[in-house]
Amino acid sequence: MRAPAYTSPILWVLFSTFLWTVVFAALKIIDASISVFQLMLLRYLGAFLTIALILSFKGGIRTYLSARPVSHFLRATTGVGGAVAITWASSRMPLVDATAIGLLYGVFAMALGAIFLKERVSFPQLISVCVVLSGVALVMLARGAFQQGVYAFAAIIAVLGAVSFAIEGVLIALLGRRETAWTVMLYVTVYGFLIMAPLAWIYWQAMPLQVAIFCMLLGPVSLLAQYGTIRGYREAPLTVVAPIDYAWIVFSVLLGVLIFGEIPGLLTFVGCLVILIGGAILTVVRSR
């Protein structure tokens, strides 16, 4: 029996999504009163030190310089911009509402993949996406999403953040097919550090040494997550792998239960099951 289509890239994206879930939960894990800009700056620093060390054994950094620095800068800018937009929106509206809006990036990414990468979306893929989105809706409703009114301007910023993440997904797909994974990770690490440095300086707060070390250790974890994302986005159409990112809801629920003691209700479990069913459909659907 032939293996399901795109199983390997889907597993890579699932793996990277799990790691990103841990990275994004870092502030809650350490329970520290530092800004997200500080955490991201130290994360980029740890990632750069790690990748510089690795590349020193693989021919040096110069070996992995790119002829497309502008594209890499755009990718880093859209990624950081999306994170800042969602973070700001979350501070101006209920977090669950901002998160629900941010999840639209998967839909935007599929649309952009179909438009700019000429990837055709088959009917079974549309069905699987609808299943995934239905699961997302159930989880969000179970957590009380959009029951506290609509915050128009903050919602617009959150949508712009989702669009920014979708554009980043297209750029990852393009760069991942034209550059080595090490080149892509090197440039986003350097550019990300440079972009975050002034923001971190403005909002800098004193922190314990162990917190700083923990934040820097997130660098190697994020590099491994990036590698999984690049592998998945390079080996399969964006229309296949983009919706897999919704699995972060499942992982966040598991993380909440195991680490924070947050026991979800029945509706949340049903929503997670629906998301998994949608992901399973994607593993057996071949893009035509």
Problem - Check against side-chain contact (heavy atoms from CB on, under 4.5 Å), Leu53 and Ser56 - result: CA-CA 5 Å; Leu53 177 63; Ser56 67; 4.2 Å; yes
Practice task
For Tyr64 and Lys58, run side-chain contact (heavy atoms from CB on, under 4.5 Å): C-alpha distance rounded to whole Å, both residues' side-chain angles, the deciding distance at 0.1 Å, then the answer.
Solution key: CA-CA 9 Å; Tyr64 295 90; Lys58 296 173 68 66; 3.3 Å; yes
Practice task
Please lay out, stage by stage, how Thr63 and Leu55 fare under the test side-chain contact (heavy atoms from CB on, under 4.5 Å).
Solution key: CA-CA 9 Å; Thr63 306; Leu55 295 186; over 6 Å; no
Problem - Pair Leu218-Leu42, side-chain contact (heavy atoms from CB on, under 4.5 Å): steps then yes or no - result: CA-CA 8 Å; Leu218 292 174; Leu42 293 175; over 6 Å; no
Exercise for the section: Begin with the C-alpha distance, continue with both residues' side-chain angles, and end with the deciding distance and a verdict on ring-ring contact (aromatic ring centres under 6.0 Å, His included) for Trp12 and Tyr227. Expected result: CA-CA 9 Å; Trp12 273 114; Tyr227 182 80; 5.5 Å; yes
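When every heavy atom of Ala76 is checked against every heavy atom of Tyr191, the shortest pair comes out as CB-CB, 3.5 Å. Residue Val274 comes nearest to Val131 through the heavy atom pair CG1-O, 3.1 Å, listed as atom of the first residue, atom of the second, then distance. Closest of all the heavy-atom pairs between Ile61 and Ala52 is CD1-CB, 4.2 Å. Here the closest non-hydrogen pair linking Ser222 and Ala47 is OG-CB, 4.2 Å. Considering every non-hydrogen atom in both Thr50 and Pro220, the closest pair reads OG1-CG, 3.2 Å.
For the pair Leu14 and Leu11, the minimum side-chain heavy-atom distance is below 4.5 Å. Looking at heavy atoms from C-beta onward, Trp204 lies out of side-chain contact with Ile34 at the 4.5 angstrom threshold. In this structure the side chain of Met196 never reaches within 4.5 angstrom of the side chain of Arg43, judged on heavy atoms.
Linking Ile, Leu, Val, Met, Phe, Trp and Tyr residues whenever their side-chain heavy atoms come within less than 4.5 Å places Leu266 and Leu273 in a single cluster. Note on Ile202: it clusters hydrophobically with Leu41, by side-chain heavy-atom contacts below 4.5 Å among ILVMFWY residues. Leu45 and Leu217 are members of different hydrophobic clusters when ILVMFWY side chains are connected at heavy-atom separations under 4.5 Å. In the hydrophobic clustering of this structure, Leu223 does not group with Ile213; members are Ile, Leu, Val, Met, Phe, Trp, Tyr whose side-chain heavy atoms approach within less than 4.5 Å, directly or through other members.
When each of Thr183, Val184, Val190, Val188 is checked for a side-chain contact (heavy atoms from CB on, under 4.5 Å) with Leu186, only Val190 meets the rule.
Of the possible polar contacts, none joining the Ser164 side chain to the Leu160 backbone as a donor-acceptor pair under 3.5 Å is found. A donor-acceptor pair is defined here as one N or O able to donate and one able to accept, closer than 3.5 Å; no such pair exists between the side chain of Tyr187 and the backbone of Pro69. A side-chain donor-acceptor contact under 3.5 Å links Gln38 to the backbone of Gln205.
Separating the CD atom in Gln226 from the CE atom in Met185 is a distance of 6.5 Å, to the nearest 0.5 Å. Distance check: Leu194 CG to Phe48 CZ gives 9.5 Å after rounding to the nearest 0.5 Å. Atom OH in Tyr44 sits 7.5 Å away from atom OG1 in Thr189 (nearest 0.5 Å). In this structure, OG1 in Thr78 is found 9.0 Å from CZ in Phe165, a value given to the nearest 0.5 Å. Cys215 SG to Met207 CE: the interatomic distance, rounded to the nearest 0.5 Å, is 6.0 Å. Leu39 contributes atom CG, which lies 11.5 Å from atom CZ of Phe37 (distance to the nearest 0.5 angstrom).
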